[in-house]
Student: 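My questions all concern the structure below.
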Amino acid sequence: MDNLKKNANFVNISVAFSRTLRVFTPCSRNNRQMANKITQEFASRKLWEMNAVWEVLTYEEKEYIERAVEVCVYKKNEIIHHEGDYPTHMMMLGSGKLRVYKEGVGQKQQIIRMLKPYDFFAYRAMIADETYNTNVSAFETSVVYKVRRDAFMRLIQENPRFCYLFMIEMAKDLGRSDAKVVNLTQKHIRGRLAEALLTLKQNYGLDEDEATISMYMSREDLANLSNMTTANAIRTLSQFASEGIISIDGRKIKILNEPALTKISRVG
């Protein structure tokens with residue numbers, strides 16, 4: 001910790017906390033109001049108030065990391081990083097929803113996973129000293145906390161507890177990736193789509209009716225998440241609806257029979 005103090009110019013936390021906020025160009029009064037609202041809401045929030053991993057930092061490390069954080073606002077469909085980019089920041093989603101995906105033949109997207117608030121991303125490539133092997137874009141207007149590479153790597157190297165917690169995060173990501181491979185390669189269409197719906201429910205929860213998934217995806221996005229054509233996604237959703245497993249209202253999907261959906265997901 002002595003080395004950390006020598007290398008960082010520590011100042012009082014109330015003075016040190018200053019972040020650069022990158023917002024989309026406010027082309028209308030509504031956009032300006034939205035940008036101001038986002039600024040007020042997120043500019044003073046502490047990382048450790050949102051994700052417990054940061055709580056293990058010492059007081060000095062928290063001061064240090066505060067000055068290495070940039071708060072960025074991305075509008076819908078804006079790219080956060082491209083496959084092949086070299087990582088300069090590790091990131092945490094503060095608000096909104098992000099998609100992690102790869103582009104295949106004919107620019108067809110394969111959604112690897114959907115990120116929810118307080119999820120970490122963009123750190124695996126940094127730790128491995130590799131370029132990104134996926135793309136990340138905003139599914140809706142989203143706030144992202146970006147921590148400079150040098151600051152994040154210093155914490156990984158100097159704080160064993162922090163490093164251990166990130167190892168757990170990486171292990172969980174690996175487990176989810178392994179499960180995703182099995183789902184996409186061994187399950188039939190019905191099983192893949194059922195799994196996708198249950199995952200969305202688990203990640204984003206339900207609306208006030210306690211049945212409608214709080215994630216409104218287009219049929220194309222559902223297809224990309226489930227590794228199928230849009231036509232197959234539409235057909236399978238209609239089958240689920242006719243069987244009384246779900247009901248559909250535009251992009252809103254209500255789960256009517258979760259045990260049946262779970263069974264379909266398991267048997268594939």
Side-chain angles (χ1 to χ4, degrees), residues 1-13 15-22 42-74 78-100 112-138 142-177:
M1 184 55 61
D2 290 338
N3 290 335
L4 182 58
K5 290 182 178 179
K6 291 178 182 178
N7 293 333
N9 296 319
F10 293 115
V11 294
N12 185 277
I13 191 169
V15 177
F17 184 55
S18 177
R19 292 171 174 165
T20 302
L21 182 69
R22 188 179 73 81
F42 290 94
S44 62
R45 295 184 70 181
K46 310 291 192 260
L47 295 176
W48 45 93
E49 294 173 350
M50 295 177 280
N51 191 306
V53 170
W54 302 102
E55 290 182 354
V56 301
L57 300 184
T58 65
Y59 179 81
E60 291 81 5
E61 287 171 334
K62 287 178 179 178
E63 286 186 327
Y64 171 61
I65 209 68
E66 287 272 51
R67 298 195 303 279
V69 176
E70 177 184 4
V71 182
C72 298
V73 181
Y74 293 90
E78 187 173 0
I79 300 294
I80 295 160
H81 72 67
H82 290 89
E83 181 176 358
D85 287 348
Y86 190 73
T88 58
H89 296 78
M90 71 79 59
M91 307 184 202
M92 185 184 81
L93 178 60
S95 175
K97 301 178 180 70
L98 305 179
R99 59 167 73 84
V100 181
I112 307 300
R113 64 183 182 276
M114 299 292 299
L115 300 177
K116 62 185 183 299
Y118 315 144
D119 279 349
F120 297 113
F121 65 103
Y123 63 87
R124 186 210 62 82
M126 183 178 298
I127 294 173
D129 196 24
E130 299 174 350
T131 57
Y132 294 124
N133 62 0
T134 57
N135 308 280
V136 177
S137 67
S142 300
V143 178
V144 175
Y145 293 83
K146 302 172 68 173
V147 179
R148 281 199 331 266
R149 175 191 179 97
D150 63 310
F152 172 67
M153 293 304 296
R154 178 177 293 177
L155 292 181
I156 287 289
Q157 294 164 3
E158 299 188 10
N159 187 318
R161 180 62 178 168
F162 184 76
C163 182
Y164 172 71
L165 292 178
F166 259 90
M167 286 177 61
I168 293 176
E169 291 294 320
M170 293 184 71
K172 289 179 179 178
D173 281 348
L174 180 59
R176 285 189 288 263
S177 296

Student: Only counting residues at least two apart or in another chain, list the ones meeting side-chain contact (heavy atoms from CB on, under 4.5 Å) with M170.
Tutor: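 Testing M170 for side-chain contact (heavy atoms from CB on, under 4.5 Å), a comparison that skips the adjacent residues, returns Y123, R124, I127.
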Student: Roughly how far apart are E78 CD and C72 SG, rounded to 0.5 Å?
Tutor: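 Separation between the atoms: 9.0 Å.
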Student: Shortest non-hydrogen contact from L93 to V143?
Tutor: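 Closest approach of L93 to V143: CD1-O, 3.4 Å.
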Student: Does the side chain of L98 come within less than 4.5 Å of V144's, by heavy atoms?
Tutor: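 Yes. Closest side-chain heavy atoms under 4.5 Å.
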Student: Distance from I80 atom CD1 to K146 atom NZ, nearest 0.5 Å?
Tutor: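 Spacing of CD1 (I80) from NZ (K146) equals 8.5 Å.
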Student: With distance as the sole test, does N51 use its side chain to make a donor-acceptor pair with the main-chain N or O of Y118 at under 3.5 Å?
Tutor: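 Side chain of N51 to backbone of Y118: a pair is present.
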Student: For Y164, look at atom OH and say whether over 12 heavy atoms of other residues, nucleotides or ligands are found less than 6.0 Å away.
Tutor: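 Result for OH/Y164: open.
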Student: Using side-chain heavy atoms (C-beta onward) and a distance below 4.5 Å, is I65 in contact with W48?
Tutor: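 In contact.
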Student: Minimum heavy-atom separation for M90 and M126, please, with both atom names.
Tutor: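 That would be N-CE, 3.2 Å.
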Student: Nearest 0.5 Å, what's the CZ-OG1 distance between R99 and T134?
Tutor: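 Going from CZ on R99 over to OG1 on T134, the span is 13.0 Å.
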Student: Which heavy-atom pair separates Y132 from A125 by the least distance, and what is that distance?
Tutor: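 So the minimum-distance heavy-atom pair works out to CD2-CB, 3.8 Å.
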Student: Could you pull out all residues at least two apart from R149 that satisfy salt bridge (charged side-chain N to carboxylate O under 4.0 Å, His left out)?
Tutor: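 Salt bridge (charged side-chain N to carboxylate O under 4.0 Å, His left out) check on R149 returns D129.
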Student: Roughly how far, to the nearest 0.5 Å, is the CD atom of E169 from the CG atom of L174?
Tutor: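 Reported to 0.5 Å precision, the distance equals 13.0 Å.
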Student: Could you check whether the rings of F166 and F120 sit parallel, tilted or perpendicular, using 30° and 60° as the cut-offs?
Tutor: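 Rings of F166 and F120: tilted, 30 to 60°.
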Student: On the 0 to 90° scale, with breaks at 30° and 60°, tag the W54-F162 ring pair as parallel, tilted or perpendicular.
Tutor: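 Tilted.
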Student: CD1 of I168 to CG of D173: how many Å apart, nearest 0.5 Å?
Tutor: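 Output value for this atom pair is 12.0 Å.
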Student: Under 4.5 Å between any side-chain heavy atoms of R113 and L115, yes or no?
Tutor: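 Touching, per the 4.5 Å side-chain cut-off.
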Student: Which atoms form the tightest heavy-atom contact between A68 and A151, and what is the distance?
Tutor: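 Scanning both residues, the minimum pair turns out to be CB-CB, 3.5 Å.
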Student: Please name all residues satisfying salt bridge (charged side-chain N to carboxylate O under 4.0 Å, His left out) with E83, sequence neighbours left out, ordered by chain then number.
Tutor: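 Here the qualifying residues are K102.
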Student: Let's go through V147 and L47 carefully: what are the C-alpha distance in whole Å and the side-chain angles of both, what is the deciding distance for side-chain contact (heavy atoms from CB on, under 4.5 Å) to 0.1 Å, and is it a yes or a no?
Tutor: CA-CA 10 Å; V147 179; L47 295 176; 4.3 Å; yes
Student: Got F121 and V136 here, is their nearest side-chain heavy-atom distance under 4.5 Å?
Tutor: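 F121 vs V136: side chains touch.
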Student: To the nearest 0.5 Å, what is the distance between CE (M167) and CD1 (I156)?
Tutor: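 Atom-to-atom, M167:CE and I156:CD1 are 9.5 Å apart.
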Student: Which atom pair, heavy atoms only, marks the closest approach of E61 to N159?
Tutor: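 Residues E61 and N159, closest heavy atoms: OE1-ND2, 2.9 Å.
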Student: So which atom in G96 and which in S142 form the shortest heavy-atom distance, rounded to 0.1 Å?
Tutor: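 It is CA-OG, 3.6 Å.
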Student: How about E60 and Y64: does a side-chain donor come under 3.5 Å of a side-chain acceptor?
Tutor: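 On atom types as modelled, these side chains do not qualify, holding no pair under 3.5 Å.
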Student: Taking the side chain as every heavy atom from C-beta outward, state whether K46 and E66 have any pair of such atoms under 4.5 Å apart.
Tutor: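 Counting from C-beta outward, K46 and E66 do come under 4.5 Å.
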